[in-house]
Amino acid sequence: MLRLRCLIPVALSVAALAAPRPPAALRCEYLTDPIGIDVTNPRLYWVPDSTDRGASQSAYQVLVSTSADAARGDAWDSGKVASGQTVHVVYAGKALESGRTYYWKVRFWDQNGEASAYSAVAKFETGILDRTAWKAQWIRGGNVMRKEFDLAAAPVRARAYVTGIGYYELRINGGKIGDRVLDPGYTPFDKRILYATYDITSQLKAGRNAVGMMLGEGWYHDRAAFLQLEIDLAGGGHTRVVTDGSWKTAQGSILADSIYDGETYDARRELTGWDRPNFDDTAWKPAGLENPPAGVLSAEMMPPIRVVATLMPRKMTNPRPGVYVFDMGQNFSGWTRIRVKGAAGTKVMLRHAEVIYEDGTLNVENLRSARATDTYILRGDPAGEVYEPRFTYHGFRYVEVTGYPGTPTLDSIAGREVHSDVKTTGGFAASKPLLNQLQQNIVWGTKSNLHSIPTDCNQRDERMGWMADAHLAAETAMLNFDMAAFYTNFLRSIHDDQDPNGSVPDTVPRGKRTPPSDPAWGAAYPLIVQYMWDHYGDRRIVELHFAGIRGYADWLHSLADADGIVSFVRYGDWVPIERTPGDVVSTAYYYASVDVVAKMAAVLDKTEDETKYRQLAASIAAGFQKRFYHPDSHSFANGSQTADALPLAFGMMTGSEANNVINSLRDSIVYYHNTHLTTGILGTKSLLPLLTAKGHPDLAYDLATQTTYPSWGYMIDQGATTIWELWQNVTGPSMNSHNHPMFGSVGSWLYTALAGINTDPQRPGYERIRIAPEMTRDLHYASGSIDTVRGRVASEWQREPGHTKLEVAVPVGSTAEVDFPVLALSHIVVQEGGRTVWKEGAFVPGAPGISGAKLAGGRIVFEVGSGGYSFEARDGAVE
Ligand code: BGC
């Protein structure tokens with residue numbers, strides 16, 4: 001069993017009055033030591049360090065400096081600021097200059113007024129802040145570009161600002177620069193193109209240098225390059241190198257590349273030395289100038305796509321002569337690296353698939369038109385050769401190798417896992433193996449669909465930023481990974497792709513899909529804004545997008561009839577077992593979108609908007625009930641689980657009538673469907689949290705652990721290693737991806753219900769936490785931990801008859817309510833760290849950090865400050 005025990009800091013029972021330790025985990029705009037940011041008022045983050053109970057920050061001081069020791073705050077000295085704020089602290093110093101490194105450190109004063117030492121020095125570096133500073137031109141030609149230049153002296157500081165559309169790889173003096181792959185991220189290119197900043201100081205030298213770029217088609221389906229080198233020389237000189245008509249271009253060893261179809265590489269055509277100085281490029285053509293694309297250049301301020309891991313195959317079979325099929329044991333995103341030795345001109349093909357036929361051969365039917373095939377033509381090196389593609393990626397578990405000279409072995413290939421390199425921030429484990437496998441499948445499904453945008457799938461000819469898929473997966477992603485910078489970028493793309501009438505497209509970037517979206521798809525815009533508020537407390541996101549999400553709600557309003565019903569629908573509750581009328585779904589998401597606008601208006605103190613959208617929400621709810629509610633059967637519309645769940649989950653009906661609907665929903669699940677759900681992607685996200693909130697965590701648990709069709713357990717029993725697009729196990733030429741994160745929305749319920757970790761939207765970003773684990777059915781252990789913006793939050797419980805243990809961790813500056821279920825213990829005694837804190841139905845004061853407790857709704861609710869706590873409940877009667 002996976003245990004997270006070590007994640008919970010050991011509590012000091014007596015608050016020591018020693019100086020607190022310096023703050024850690026310094027970040028700027030959510031990123032660690034970012035290079036090339038282009039916001040002029042970046043936000044800073046740190047985590048004050050203290051194991052004291054009830055610790056908080058009473059004041060802080062930030063020094064931002066242009067010298068590496070950050071000894072002085074010559075850019076900004078905040079002075080001692082009396083504030084508990086440790087996140088989103090806005091830089092308020094001298095105007096930041098382009099292309100400059102800023103070093104910063106912070107100290108804090110704790111709740112006793114004791115100052116910590118300063119933190120270690122962190123840094124951030126600006127990119128190009130002034131658009132007129134761009135001197136490069138867009139160039140095009142073949143798929144390799146080069147230029148040589150001389151430096152009069154050694155470089156002391158050199159930066160490359162670079163992008164390409166589709167993809168680029170930057171090379172200087174014979175080596176690849178940086179570890180990004182499949183860069184830049186996918187944005188609406190007509191609105192915005194992301195550039196990367198690289199520190200290339202150590203790759204350049206005095207004298208002759210060469211810079212080269214390899215180009216792939218990427219999402220742009222064409223190739224163009226843009227680069228600007230800014231080089232400070234020893235002795236004070238400065239050299240600038242830019243893409244322009246003086247560059248030379250040729251066709252390199254990549255014969256063809258496509259995200260979906262794969263790459264063809266002819267190693268015989270390698271232009272050895274092309275990316276080094278003194279290469280004879282007389283046969284190369286001059287690069288052509290390209291009209292600048294309409295999009296503005298913005299710094300790529302999110303975790304780049306990288307090769308994050310290497311996977312070794314589990315098994316190799318030989319289903320037909322010359323056909324070798326490798327099982328990687330896991331569906332993931334990336335590509336295959338192959339080692340091979342053979343004659344020049346030998347062609348080795350690598351085909352990728354999610355599933356195989358019974359005879360062991362590859363089943364590629366569900367990839368539709370994506371060929372997912374990489375072809376390598378050997379140069380004939382007697383020492384052997386190694387190949388992996390650059391400008392494609394596949395979603396796969398199986399690799400077929402054909403054309404291999406000789407017989408491959410298990411170590412002839414390796415899987416290269418490739419996706420946006422978001423940091424893992426969460427962990428969940430439980431005593432039920434099925435739930436651990438579910439968590440695994442969700443994590444793999446989530447990360448393999450983070451490719452600078454949240455994609456719907458990773459394998460077929462699609463991989464788009466489908467908006468419903470995006471909002472359904474968002475909270476689960478935020479619990480498992482640090483998604484803040486990623487969604488900050490995605491929200492900006494949604495905004496870029498929004499039409500003047502407020503509508504947004506079904507996919508972002510829109511590609512060929514023009515707005516309007518299905519109402520439940522476009523709801524990604526308001527919903528992801530709200531999730532950024534809930535999970536990260538990001539007020540700037542709310543400010544930046546308030547007009548946008550209000551515009552979206554207004555657009556929905558323009559579609560509504562007199563009762564507030566929106567009938568426009570494209571997909572509705574997609575891929576369900578039981579269909580739900582489209583107007584029910586569209587209107588529910590209309591309500592949800594308006595509701596978010598009202599809540600975000602409250603966040604921004606926009607009282608008029610808040611009142612207006614609250615009233616609008618109330619009138620939609622009333623119209624919805626009038627149109628769809630059947631008081632006799634206590635259900636909505638056709639009584640599908642989704643029709644009953646959505647209005648309740650969104651708060652469109654409350655009070656005793658809502659409880660009647662919950663009973664209908666229960667009947668549907670338990671009696672009519674033998675404890676199975678029938679929901680599509682939309683209803684599924686709401687169903688388990690709703691049942692749990694309305695007092696039926698046991699039923700939610702039964703659905704989560706069900707193993708017969710339709711259920712997550714069924715997928716697992718059929719061998720799934722990720723989450724499927726459909727509840728059905730289909731592998732034919734239809735729409736049935738085996739890696740689609742949307743049904744993985746149940747992942748957030750594992751954290752919020754079973755581990756019991758919840759944030760409070762009134763004090764978001766885990767400033768206020770509610771730990772309320774559901775200890776239900778046969779579950780006797782669960783644990784969850786999340787590295788939040790404020791530090792680690794953890795909850796871990798175990799129980800046996802007559803004894804329950806709950807350990808929690810609360811970050812410095814946060815407070816939590818810890819809901820301890822009373823369960824069957826009749827004379828409950830609760831101890832914390834060996835000290836009695838609850839006895840004979842009452843709180844026993846005295847334990848550090850615990851300020852009170854009360855009985856509420858069958859639970860003992862403790863009020864605690866920061867620190868680690870270990871609660872144990874026993875039946876007092878048996879002692
Ligand atoms: C995608 C989705 C998407 C849906 C819209 C599919 O092709 O893969 O997951 O949300 O279309 O209906």
Side-chain angles (χ1 to χ4, degrees), residues 426 428-432 434-435 438-439 442 472 475-476 478-479 531 534-535 592 641-642 644-655 658-670 673 675-679 681-706 711-713 743-761 769-784 786 793 795-797 799 804 806 808 816-823 856-861:
F428 170 83
S431 54
K432 183 108 176 158
L434 182 148
L435 293 175
L438 177 59
Q439 164 71 6
I442 289 169
L472 294 169
E475 287 195 282
T476 294
M478 287 175 175
L479 293 167
Y531 301 150
D534 292 350
H535 293 269
Q641 292 176 14
T642 293
D644 284 347
L646 289 184
L648 266 61
F650 295 165
M652 300 172 80
M653 178 190 260
T654 50
N659 291 334
N660 292 333
V661 178
I662 288 289
N663 290 334
S664 312
L665 185 56
R666 272 190 84 187
D667 288 351
S668 166
I669 295 168
V670 178
H673 296 99
T675 313
H676 290 90
L677 45 66
T678 65
T679 43
I681 58 172
L682 301 170
T684 298
K685 169 144 201 264
S686 293
L687 192 61
L688 275 58
L690 173 69
L691 290 170
T692 306
K694 298 291 183 189
H696 303 289
D698 44 355
L699 185 52
Y701 182 80
D702 292 344
L703 292 175
T705 55
Q706 179 60 269
S711 66
W712 292 280
F743 280 130
S745 61
V746 66
S748 57
W749 179 83
L750 300 176
Y751 283 90
T752 58
L754 299 185
I757 304 174
N758 294 272
T759 184
D760 176 350
I769 302 155
R770 178 163 179 258
I771 306 271
E774 298 293 350
M775 304 181 183
T776 183
R777 300 290 201 219
D778 61 344
L779 204 62
H780 56 86
Y781 166 80
S783 68
I786 309 166
V793 178
S795 160
E796 170 173 343
W797 60 266
R799 60 178 177 145
T804 305
L806 171 61
V808 305
E817 94 172 46
V818 180
D819 289 18
F820 208 97
V822 176
L823 299 174
R859 290 164 177 262
I860 304 171
V861 180

Is a side-chain N or O of [X] found less than 3.5 angstrom from the main chain of [Y], in a donor-acceptor match?
{"X": "Gln641", "Y": "Thr678", "result": "yes"}
{"X": "Thr476", "Y": "Ser748", "result": "yes"}
{"X": "Ser783", "Y": "Glu796", "result": "no"}
{"X": "Asn758", "Y": "Thr752", "result": "yes"}
{"X": "His780", "Y": "Arg799", "result": "no"}

Heavy-atom closest pair, residues [X] and [Y]:
{"X": "Thr642", "Y": "Gly683", "result": "OG1-CA, 3.4 Å"}
{"X": "Ala755", "Y": "Ser795", "result": "O-OG, 2.6 Å"}
{"X": "Ala704", "Y": "Leu438", "result": "O-CD2, 4.3 Å"}
{"X": "Pro821", "Y": "Met775", "result": "CG-SD, 3.6 Å"}
{"X": "Leu648", "Y": "Ala658", "result": "CD2-O, 3.4 Å"}

Hey, are the side chains of [X] and [Y] touching, using non-hydrogen atoms and a 4.5 Å cut-off?
{"X": "Val808", "Y": "Ile757", "value": "no"}
{"X": "Ile681", "Y": "Phe743", "value": "yes"}
{"X": "Ile669", "Y": "Leu677", "value": "no"}
{"X": "Thr759", "Y": "Val793", "value": "no"}
{"X": "Val746", "Y": "Thr684", "value": "no"}
{"X": "Ile860", "Y": "Val818", "value": "no"}

Between [atom1] on residue [X] and [atom2] on residue [Y], distance to nearest 0.5 Å:
{"X": "Leu703", "Y": "His696", "atom1": "CG", "atom2": "NE2", "result": "12.0 Å"}
{"X": "Thr679", "Y": "His673", "atom1": "OG1", "atom2": "NE2", "result": "10.5 Å"}
{"X": "Asp644", "Y": "Met653", "atom1": "CG", "atom2": "CE", "result": "9.0 Å"}
{"X": "Ser664", "Y": "Asn659", "atom1": "OG", "atom2": "CG", "result": "11.0 Å"}
{"X": "Phe428", "Y": "Ile786", "atom1": "CZ", "atom2": "CD1", "result": "11.5 Å"}
{"X": "Thr675", "Y": "Gln706", "atom1": "OG1", "atom2": "CD", "result": "6.5 Å"}

Considering only NZ, NE, NH1 and NH2 on the basic side and carboxylate oxygens on the acidic side, decide whether Asp819 and Arg770 come within less than 4.0 Å.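 Salt bridge flag = yes for Arg770 with Asp819.
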Please determine whether side-chain contact (heavy atoms from CB on, under 4.5 Å) holds for the pair Leu646 and Leu690, giving the CA-CA distance in whole Å, both sets of side-chain angles, and the decisive distance to 0.1 Å. CA-CA 9 Å; Leu646 289 184; Leu690 173 69; over 6 Å; no
Across all chains, not counting sequence neighbours, the side chain to side chain contact (heavy atoms under 4.5 Å, CB included) partners of Thr692 are Pro697, Ala700, Trp749, Ala753, Glu774
Open item on the list: Test side-chain contact (heavy atoms from CB on, under 4.5 Å) on Thr705 and Asp778; report intermediate values, then the result.
Closed with: CA-CA 11 Å; Thr705 55; Asp778 61 344; 6.0 Å; no
- Could you go through the side-chain contact (heavy atoms from CB on, under 4.5 Å) check for Lys685 and Glu475 one step at a time? CA-CA 10 Å; Lys685 169 144 201 264; Glu475 287 195 282; 2.7 Å; yes
Across all chains, not counting sequence neighbours, the ring-ring contact (aromatic ring centres under 6.0 Å, His included) partners of Tyr531 are none
By ring-ring contact (aromatic ring centres under 6.0 Å, His included), Trp797 pairs with (sequence neighbours left out) none
Q. Taking it one step at a time, do Trp712 and Leu434 satisfy side-chain contact (heavy atoms from CB on, under 4.5 Å)?
A. CA-CA 9 Å; Trp712 292 280; Leu434 182 148; 5.8 Å; no
